[in-house]
Each structure stands twice: as C-alpha cells, then as structure tokens.
Amino acid sequence: MSERWPLHVRILIGLAVGIVTGVAANVVAGGEPWLVNTTDYVTEPFGRIFLRLIFMVVLPLVFSALALGVAGLGDAARLGRIGAKTFAYTILATGLSVALGLLLVNVVRPGAGLPEETRAALAANASRGPAPVTAPTDAPVGLQAVLAIVPDNPLRAAVNGDMLAVMFFSLMVGLGLAMAPRETVAPLIAVLEGLYAVVMQVIELAMRLAPYGVAALLFTLTARLGAGVLRQLASYVLVVLAGLAIHQFVTYSLIIRFLGGMSPVLFFQRIRTVMITAFSTSSSNATLPLALIVTERNLGVPREIANFVLTLGSTANQNGTALFEGVTVLFLAQFYGVELSLQSQLMVVLMSILAGVGTAGVPGGSLPLIVPVLVTVGVPPEGIGIIFGVDRVLDMCRTVLNVTGDITAAVVVANSEHTLEVPAVVPDVA
Ligand code: ASP
C-alpha cells in the first residue's frame, strides 16, 4: 500500500478490504475446507504476528509509562495546593468518565447478541495473548482483594501475567521516584524515559504492519462468522461516541458551570479551535501549545496554572481515553461471552483510570494499554485486533475530550484559587 497515504487511511483501507473479501468469502464458500485452511493457516497467524509485536512490549510499556506518569503526578502533589487539586480533579473526572462509559455499555450491550455457536467458535480460536489468562472465578473479597493486587515478587507477577500486580508495583516505583531526592533518582528516570522511547519505537514499527494485520484479522473474523459481527462493531462505535459526547457536553458543562463559575456556552465557543486541532491531530501533545495559549488568553486562566495543569494533564488527565478503554474492555467481554462480575468491572474502572494516567498523548497511545486490562479480567487480548480498524475515528473524538478535560481542570483550579479572570472579548484568531 502506498506509503504516501497517512497510516490511518491505510488502516481504514485494510479494514475495508478485510471486511469485503471476508464477507464475500463467507457467502461464497463459508465452511469449505480451502477457506477454513486459509483462515487457520494464513490470515489468522499473520494477524496474530502483528498483534504479538505489540503484546511483547506491553510489560515494559506498563512499567515505564505508569512509573513515569505517577512520578509526574506525585511531583504535582509535592507542588502544594494547586498540585493536590489537579491530582484530585484528575482522579475524580477520570473515574466519572469511566463510570459513564461502563453504564452505557451495560445498558446497550453492544457486544451481545452473537449466536451461541459463533461465540463458542470465537472462544475456541482466541489466543491467550501475552500471558496465561486467569479469569477471576473465585474472586477474593475485602482485604483479600487488596492482598491479591500487592505482589510479593513483581517478577513472578510479570511472568504470570498478573498485570494488576505489575501495575501496583509500577505505581509504587513511581511514588518512590517522586518522593526520593531528585538528583539521586534522575538517572533512573532517564532510563525509564529511554525504555519508554524504545517501546514506542517498537510499537511504531509494528504499526507499519497494521493495515495488513487489520485486513487479515477482519478477513478471518468475517470469513468465519459472516457479516453479522459488523452489527456489534457498529454499535460499539456508537456507544463510545455517545459516551464521549455526553461527557464532553453534559459532564464538562456542569463542571464548568458549578466548579468553574463560567458559562459553558462561552467556554466551548472560546476553545473551539483547540477542539478542532485535537480532533484533527488525534494527539493531546500536539495540541498542547495551542491549548496553553487559548486557556490563558481566551479564558483568563493565569499562566502558571495553565502551564502546570495543561502540561501535566496532556499525559495524565485523559478522560476520553479512560472512557474508551472501559467501554472497549466490556464490549470485548460481551463479544467473547465473558461474564464480568461487579468486582471485575470495578477492576476495569481502576485499571482504566491508571491507563488514562499512563497513556501518552499521541495517536493511538492508549491501544497497547488495553491489553493488560483485558488479560486481567480474562478477555482474549487479541480482541483489540477487532477494534484496530475503527480506532482512528474514536481516537480523534477521545482526544477532543482529553484536551477539553485538561482545560476544564485548569479553569476549575484557577476558579478555586480566585484567580480566574475571563476576558470580556477575545481576539478573533484561536
Ligand atoms: N490520542 C490520544 C491523545 O493524544 C491518546 C489515546 O487515547 O490514544 O490524547
């Protein structure tokens, strides 16, 4: 495929080619030996190679991203009142967004409705991903649940694929980094940043295969199961979009009105260029410079607060990403017929919040971080192959939320410090 087209366009083409040829093959030759052999021995293994290139760096990614993310947040808390407020806001707003997503996905159940035998076929074909999947059957209760998260040996936890314990360990390392003397831990932070950069590079290499991987995975899915599965995929997309829209325009409006003391209409009007930029770049990081200018100039947030909250928020406060992760995990659980207890769902909330903290503000930054959540609650991680093809449009929308959430946080913090001075008129640009 021509390298001149942007990656997301090539992935979309891969998605279309996979679906069209897969559905056609299913109609013409569904169940015939040659088609079964093609999916079993060619397209499915190829799709899995692509996924495994990503799975294999999930462990170092979780460790470095979370330790660095928490070190950043911990630093914030050390910066006193403003840091503490930003920290509290991030956890609260992210928790709210995941809860909203989970509510929607439980009510609409976009992944449900596959016939039993189709589901059985899916489960039989599902790989076990980067580590043995241990579905939480006899879920521990009370303090035992906490005990299960705290590893006595982080290496064993990593080898066993106990991602929650790995996340807990990473979190503690992040706290340690934030609390230890800066000069002493600076080299370790540099190493973690190096590790993180390498992981990102490997993922970028793997993503070059994405158009073909997505084509192979969707061919396999539709050639085996027919066009019926597309209904599930479409309603999943709609649920994510509905969740994002509600959080963007209802939750943020309420927050801006009651905690920010500003008119939501004025707020959205004045940040519209930022929203458009976030939408078109799919990257909180790329939108940060413009967001800084607009938050200070159009909304009257003092520069120190805008700089601090937005810079931290562009990686740590990712409401859209967290909502998307929660919905995706539950959708895939429904798709594969994995029943998630209330406790497992709470685990999804917790891990999605952490994933929001650990995700980089770059296009598709959150995709690899869905894997540990899936593994922990016993959903086949290869499920992310199903959503790869539709991810770009979701990414564009969740990035708008991520960035709006950061600006909202800056307004709330400034207002609580009584330093918000919304200008009566603003220049036309931005
Ligand atoms: N693209 C998102 C951002 O930059 C991250 C993600 O959810 O993939 O905010």
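Both counts, for ligands and for their atoms, begin at 1 and track the order of listing. Since we're looking at a predicted model, the values are computed, not measured.
Judged purely by atom type and a 3.5 angstrom limit, T419 uses its side chain to pair as donor or acceptor with the backbone of A414. Looking at D395, its side chain does come within 3.5 Å of a backbone N or O of G364 through a donor-acceptor pair.
Remark: ligand 1 atoms within the under-4.0 Å shell around heavy atoms of T321 are 5 (C), 6 (C), 7 (O). Near N402, the atoms of ligand 1 lying under 4.0 angstrom from a non-hydrogen atom of the residue are 2 (C), 3 (C), 9 (O). Contact atoms of ligand 1 toward T399: 1 (N), 2 (C), 3 (C), 4 (O), 9 (O) (distance under 4.0 Å to a heavy atom of the residue).
Looking at V403 against ligand 1, nothing comes within 4.0 Å, counting heavy atoms. At a heavy-atom cutoff of 4.0 Å, ligand 1 is contacted by both the backbone and the side chain of S284.
In terms of protein heavy atoms, atom 1 (N) of ligand 1 is closest to D395 OD1, 2.7 Å.
For F46 and F50, the distance between ring centers is not under 6.0 angstrom.
At least one N or O atom of S366 sits closer than 3.5 Å to an N or O atom of ligand 1. For ligand 1, none of its N or O atoms has an N or O atom of T359 under 3.5 Å away. When only interatomic distances are considered, the shortest N/O to N/O separation between G361 and ligand 1 falls below 3.5 Å.
Contact annotation: the side chain of R208 never approaches that of L7 to less than 4.5 Å [non-hydrogen atoms, C-beta and beyond].
By the 30° and 60° cut-offs, the orientation of the rings of F249 relative to F268 is tilted.
A salt bridge links R48 to E44: at least one charged side-chain nitrogen sits closer than 4.0 Å to a carboxylate oxygen.
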